[in-house]
2 protein chains.
Amino acid sequence: MKQEIKVSVDAVVFGYDQESGVSVLLIKRRNEPFQKMWALPGGLVLNGESLDEAVNRELREEAGIDVNYLEQLYTFGSPERDPRNHAISISYFGLVRPQDFQLAAHTDAEDVAWFNIKKLPKLAFDHKKIIDAAIKRLRGKITYEPVGFELLDKEFPFSDLEKLYQTLLDHEIDRRNFKKKIIGLGILEELDETIQRKSGRPARLFKFNKKKYFELKEKGYNFDIFF
Amino acid sequence: MKQEIKVSVDAVVFGYDQESGVSVLLIKRRNEPFQKMWALPGGLVLNGESLDEAVNRELREEAGIDVNYLEQLYTFGSPERDPRNHAISISYFGLVRPQDFQLAAHTDAEDVAWFNIKKLPKLAFDHKKIIDAAIKRLRGKITYEPVGFELLDKEFPFSDLEKLYQTLLDHEIDRRNFKKKIIGLGILEELDETIQRKSGRPARLFKFNKKKYFELKEKGYNFDIFF
DNA sequence: CCAAAAGTGTTCGGCTTACACCCATGA
DNA sequence: TCATGGGTGTAAGCCGAACACTTTTGG
């Protein structure tokens with residue numbers, strides 16, 4: 001009997017901002033099944049298209065977004081996950097600076113929006129499960145690789161980084177120890193500029209030095225950021 | 001246009017023994033393409049079958065093996081990876097005690113054998129790449145989770161564990177520090193029995209205490225085994 | 001001058017590392 | 001008695017954790 005399995009990709013794209021914390025990008029489905037329900041952006045892989053291409057295409061089509069970090073997460077293949085037919089989903093994990101984009105729903109998406117990861121709506125298919133896996137990965141990831149910078153502005157005050165870690169790891173961090181540790185990694189560049197928030201003393205801006213990071217990584221340097 | 005993508009699974013199953021070190025299970029392909037070439041066990045997922053089921057079935061059919069540890073590794077989906085058509089492969093990573101099984105080639109496999117990971121033959125498809133990814137994962141994995149025990153006999157002398165780590169991580173380990181660390185984790189049980197190797201003083205046998213391990217893991221205990 | 005956030009050092013304890021000699025067995 | 005592998009303790013240094021007061025700005 002001929003194999004009749006559909007191959008699709010789905011993306012869990014995270015964004016972060018100071019006020020609302022960590023969010024996931026969702027689309028509202030235009031079509032059945034799960035019509036009008038929120039779901040992860042994604043869709044069928046085209047013949048001759050690589051998986052990465054498919055994810056990037058779907059994100060552009062359905063949400064108007066180009067991620068700046070993307071990695072494969074997990075492949076879900078239980079035959080019951082799609083009510084229509086056996087369909088596997090290769091899920092991806094992405095990071096983006098929400099401020100960089102104007103969301104725009106197209107094709108299969110009737111709407112697009114950011115949802116705080118603590119206030120998710122009911123989701124289509126097994127997408128809740130996929131998001132849970134992605135959150136777990138994100139939490140793990142930031143403790144051993146400096147991916148957090150992909151979520152912050154290019155130039156950011158140190159407290160933003162601190163708050164990001166606190167939000168993601170969900171526990172208090174000692175400001176002094178945190179700074180010592182991160183500065184000790186030698187992958188940040190301190191700028192002369194400062195930024196003024198609503199109140200309080202202005203903060204020095206920092207920049208992630210990607211080149212330095214890759215140099216150190218080459219040399220087998222380790223970037224554990226445990227707490 | 002209708003989607004025409006084949007879905008298959010492939011397994012990188014590792015075995016270990018004292019003399020030959022770490023090996024991978026390979027089969028010799030009975031059919032085209034890559035006929036008579038060595039390849040990973042695996043094959044098409046059947047309609048209505050989950051991915052895990054598919055891997056276990058293929059391993060039983062092609063090699064006569066039941067793994068005792070299995071996890072998903074990565075999904076390879078470049079359209080050029082199969083000369084016939086667009087085919088994605090969900091690859092798995094497995095561990096087994098080679099002594100527990102009598103290899104037996106069937107169906108698509110003309111032969112099955114263990115190959116030392118440092119002496120691999122030329123491989124079909126992109127299977128070399130898949131094995132490389134699996135080795136990297138294995139190396140990483142044993143540093144933060146006690147999966148090594150799945151490769152050793154149920155009861156083993158401490159030096160076996162030490163040699164396994166040395167082989168996998170490819171560097172010297174101080175016997176005393178290693179023992180202190182592992183014993184300190186509290187997941188080993190020391191038995192009264194000893195084993196006599198070809199020469200030298202007989203060695204005390206140890207057993208991995210899975211129950212204790214899960215208990216500790218529940219409590220958020222961490223099992224880093226860095227060097 | 002008050003509120004809000006940024007900035008900054010030191011001490012203590014525990015973990016990691018380095019390191020070398022004796023023991024039990026078979027040949 | 002020799003060769004082979006098994007077994008064991010201690011000291012030094014480094015890293016992570018705990019901890020509080022001062023500075024700069026806007027209102």
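First the proteins, then the strands, lettered A, B, ... as listed; each starts at 1. Note: hydrogens, waters and symmetry copies are ignored here, and every other heavy atom, side chains too, is used. Keep in mind the model is a prediction, meaning the values are calculated, not measured.
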Figure out the [atom1]/[atom2] separation between [X] and [N], and round it to whole Å.
X        : N      : atom1 : atom2 : value
B:Phe178 : D:dG6  : CZ    : P     : 13 Å
B:Ile173 : C:dT16 : CD1   : P     : 14 Å
B:Ile183 : C:dC15 : CD1   : P     : 16 Å
B:Asp224 : C:dT17 : CG    : C1'   : 17 Å
B:Glu190 : D:dG6  : CD    : P     : 14 Å
B:Asn177 : D:dA12 : CG    : C1'   : 13 Å
B:Asp174 : D:dA11 : CG    : P     : 16 Å
B:Glu172 : C:dT16 : CD    : P     : 20 Å

[X] bridged to [Y] by N-O distance under 4.0 Å:
X        : Y        : value
A:Asp132 : A:Lys128 : yes
A:Arg197 : A:Asp160 : yes
B:Arg29  : B:Asp108 : no

At a heavy-atom distance below 4.0 Å, what parts of residues 151-164 of chain B sit against DNA chain C?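 Residues of residues 151-164 of chain B that come under 4.0 Å of DNA chain C do not exist, since none gets that close.
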Residues forming a salt bridge (charged side-chain N to carboxylate O under 4.0 Å, His left out) with A:Glu71, sequence neighbours excluded: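 In terms of salt bridge (charged side-chain N to carboxylate O under 4.0 Å, His left out), with neighbours along the sequence ignored, A:Glu71 is linked to A:Arg137, A:Lys141.
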Does the A:Arg204 side chain pair with the main chain of A:Thr194, one donor and one acceptor, at a distance under 3.5 Å?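 No; judged by distance alone, with no hydrogens or angles, the pair does not exist.
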Any sub-3.5 Å donor-acceptor pair from B:Asp153's side-chain atoms to B:Glu155's backbone N or O?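 Not a single qualifying donor-acceptor pair exists.
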Side-chain donor-acceptor distances from residues 9-17 of chain A under 3.5 Å, at least two apart:
from    : atom 1 : to       : atom 2 : distance (Å)
A:Asp10 : OD2    : A:Ser89  : OG     : 2.6
A:Tyr16 : OH     : A:Leu164 : N      : 3.4
A:Asp17 : OD1    : A:Ser20  : OG     : 2.5
A:Asp17 : OD2    : A:Glu19  : N      : 3.3
A:Asp17 : OD2    : A:Ser20  : OG     : 3.4

Scan the side chains in residues 205-214 of chain A for donor-acceptor partners under 3.5 Å anywhere in the protein, sequence neighbours excluded, and list what turns up.
from     : atom 1 : to       : atom 2 : distance (Å)
A:Asn209 : OD1    : A:Lys211 : N      : 3.3
A:Asn209 : OD1    : A:Lys212 : N      : 3.1
A:Asn209 : ND2    : A:Glu189 : OE1    : 3.4

Donor-acceptor pair (no angle test) under 3.5 Å: B:Lys180 side chain, D:dT10 base: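 Indeed, a donor on one side and an acceptor on the other fall under 3.5 Å apart.
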Of the candidate nucleotides C:dG7, D:dG7, C:dT17, which contains the atom at the shortest distance from the side chain of A:Ala203?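 Per side-chain heavy atoms of A:Ala203, the pick is C:dG7.
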Per-nucleotide protein contact string for nucleotides 20-27 of chain C (B base, S sugar-phosphate only, - none; heavy atom under 4.0 Å): B--BBB--
Residues 51-58 of chain B side chain polar contacts: donor-acceptor under 3.5 Å, at least two apart:
from    : atom 1 : to      : atom 2 : distance (Å)
B:Asp52 : OD1    : B:Tyr92 : OH     : 3.0
B:Glu53 : OE1    : B:Ser50 : N      : 3.1
B:Asn56 : ND2    : B:Asp52 : O      : 3.1
B:Arg57 : NE     : B:Glu49 : OE2    : 2.6
B:Arg57 : NH1    : B:Glu61 : OE2    : 3.4
B:Arg57 : NH2    : B:Leu44 : O      : 3.1
B:Arg57 : NH2    : B:Glu49 : OE1    : 3.0

Verify the contact: side-chain N or O of B:Lys179 to OP1 or OP2 of D:dT8, cut-off strictly under 4.0 Å; return yes or no.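 For B:Lys179, the contact criterion (side-chain N or O under 4.0 Å from OP1 or OP2 of D:dT8) is met.
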